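Below is one structure, written out as structure tokens; the observations come after it.
In this text, all values refer to a predicted model and were calculated from it rather than measured experimentally.
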Amino acid sequence: MAAAALMDFDKALELFEPVLGFEVHVELNTATKMFSDAPNPANEAYHGAEPNTLIAPVDLGLPGSLPVVNATAVRSSISLGLALGCSIAESSRFARKNYFYPDLGKNYQISQYDEPIAFEGSVEVELEDGTLVTVPIERAHMEEDAGKLTHVGGSTGRIQGAEYSLVDYNRAGVPLVEIVTKPIFGAEHRAPEIAKAYIAAIRDIVRGLGISEARMERGNLRCDANVSLRPRGQEKLGTRTETKNVNSMRSVERAVRYEIQRQAQILADGGTITQETRHWHEDTGTTSPGRPKSDADDYRYFPEPDLLPVRPSRELVEELRAALPEQPVARRRRLKAEWGFTDLEFQDVRNGGLLDEVAATIAAGATPAAARKWWTGEISRIANAQERDAADLVSPENVAALQRLVDEGTLTDKLARQVLEGVIAGEGTPQEVVDARGLAVVSDDGALIAAIDEALAAQPDVLAKIRDGKVQAAGAVIGAVMKAMKGQADAARVRELILERAAQ
């Protein structure tokens with residue numbers, strides 16, 4: 001397929017106003033699925049299960065099986081709606097969304113249509129320079145996820161060109177909350193940045209609530225990005241496209257920018273935009289056509305006859321409201337002030353998605369500076385090299401314990417990095433790695449003096465130079481001692497002993 005012609009981004013914004021909208025699907029981490037007692041693969045305890053092992057008759061749409069609503073999923077959905085500033089419906093109803101789902105056995109999805117659990121809210125989004133943008137929320141509704149298809153054969157892993165497809169029903173029936181925004185106006189040149197910041201805000205909210213793992217790379221959090229353009233001065237909205245299931249915040253940002261440029265060029269050339277879903281291609285940074293976008297009428301929604309309306313009590317809603325955590329924007333600003341970080345230091349932590357890890361490490365006893373250093377430095381370096389998530393490598397408690405060993409003088413920074421590697425490799429706690437590898441700093445003066453004497457014997461002129469005022473000459477002896485003791489000498493103590501010897 002030939003690459004689409006793209007207009008320069010700034011030129012596109014001169015001619016057209018971008019209007020955004022987002023549909024974000026959040027997989028809840030309940031122990032069981034939305035309508036069955038099958039284990040939920042979106043829960044960390046069941047992640048990575050073999051295909052088709054986390055299923056129940058309801059998930060497969062077997063005759064005679066009936067859905068039962070997961071009460072915990074309802075509570076989580078209400079909490080999320082409240083955190084989004086939404087009103088909670090006194091009564092909401094499930095509906096059947098009829099569509100050809102090759103990976104959903106009953107061939108329809110149980111969702112919510114005209115009676116969602118939460119409606120009319122807003123989210124405050126903070127951009128990198130501190131600018132706050134309010135994103136209006138139309139609704140947040142409960143539904144179930146579909147299964148997953150794996151296309152075998154061909155070169156792209158997509159259905160086109162595949163020899164056959166395999167279906168895994170583990171994900172079928174996973175509890176979802178779909179968050180739908182109202183049209184977002186006024187984004188202008190910052191539209192891609194707002195897209196990224198909005199997804200980050202939703203991730204932070206659901207993580208703060210503890211209702212989802214919110215791992216985009218695992219599909220716990222998926223974004224459909226809607227983009228339309230209208231000529232400057234025109235009131236009527238343009239035709240939108242919906243880029244489906246974008247799985248990283250950076251990709252959401254890139255997809256929005258790409259669609260603005262692609263649509264602008266088509267419109268400038270006198271063409272029209274097709275209302276359709278589009279697929280995002282991470283490798284090329286482009287989108288490609290999916291299917292014509294259906295309207296609500298095409299799904300033939302009707303009330304789910306096997307489920308009663310959901311009617312949460314006012315007492316339950318107020319109980320959940322009282323338990324809401326601090327809003328992400330307020331929390332970030334409070335932590336930045338408490339930790340004393342500069343804008344750049346805090347941005348490093350935030351960009352790395354390490355705010356919770358740094359906070360937990362500080363809570364475990366490390367200083368803010370030390371926690372930031374480890375997570376944004378050596379841990380992130382190892383995570384990038386291993387193509388893993390930094391939070392999966394080591395616990396905040398072990399990072400704090402490692403820093404205590406440094407503060408106590410048991411380890412140097414260099415030795416601590418070796419200990420960290422051992423902890424990540426599964427060799428135990430920092431202290432256990434130190435003991436097993438024999439990595440503690442040697443602070444015994446007798447052993448240090450013996451090593452110093454050996455180094456001085458090889459460099460007999462050093463003491464004379466120090467006595468003549470050239471104190472920096474001690475560096476050569478310190479280096480020799482550190483090498484002889486495999487980096488486990490206390491360099492500061494070695495220096496003191498050398499200067500004491502020179503003073504004799």
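- Side chains of E144 and S111: a donor-acceptor N/O pair is absent below 3.5 angstrom, by distance only.
- Scanning for salt bridge (Lys or Arg N to Asp or Glu O under 4.0 Å) contacts around E27 gives R222, with sequence neighbours left out.
- For residues 384-400, every residue pair satisfying the salt bridge (Lys or Arg N to Asp or Glu O under 4.0 Å) rule, not counting sequence neighbours, is listed here: R215-D392.
- Side-chain contact, R278 with T287: a donor N or O sits under 3.5 Å from an acceptor N or O.
- Aromatic ring centres of Y108 and Y99 lie farther apart than the 6.0 Å criterion allows.
- Using modelled atom types and a 3.5 Å distance limit, the side chains of E282 and S251 yield a donor-acceptor pair.
- Using the six-membered ring where Trp is involved, W339 and F346 have ring planes that are tilted, between 30° and 60° apart.
- Of the possible polar contacts, none joining the D59 side chain to the G173 backbone as a donor-acceptor pair under 3.5 Å is found.
- Not counting sequence neighbours, the partners of R218 by the salt bridge (Lys or Arg N to Asp or Glu O under 4.0 Å) test are E44.
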Return all side-chain donor-acceptor pairs below 3.5 angstrom for residues 366-375, not counting sequence neighbours, or 'none' if the list is empty.
unit_1 : atom_1 : unit_2 : atom_2 : d
T367   : OG1    : A370   : N      : 3.1
W374   : NE1    : Q403   : OE1    : 2.7
W375   : NE1    : T361   : OG1    : 2.7

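- Side-chain contact check for H281 and S288: at least one donor-acceptor pair (N or O, by modelled atom type) lies under 3.5 Å.
- Residues passing the side chain to side chain donor-acceptor pair (under 3.5 Å) test with Q261, sequence neighbours excluded: none.
- A cation-pi arrangement is found for K97 relative to Y299, the charged atom lying closer than 6.0 Å to the ring centre and inside a 45° cone about the ring normal.
- Judged by distance alone, with hydrogens and angles left aside, the side-chain atoms of Q327 form no donor-acceptor pair with the main-chain N or O of V329 at under 3.5 Å.
- Applying the side chain to side chain contact (heavy atoms under 4.5 Å, CB included) rule to D37 yields the partners A56; only residues at least two apart in sequence or on another chain are considered.
- The backbone N or O of P51 sits nowhere less than 3.5 Å from a side-chain atom of K148 that would complete a donor-acceptor pair.
- Two rings, from F94 and F35, have their centers less than 6.0 Å apart.
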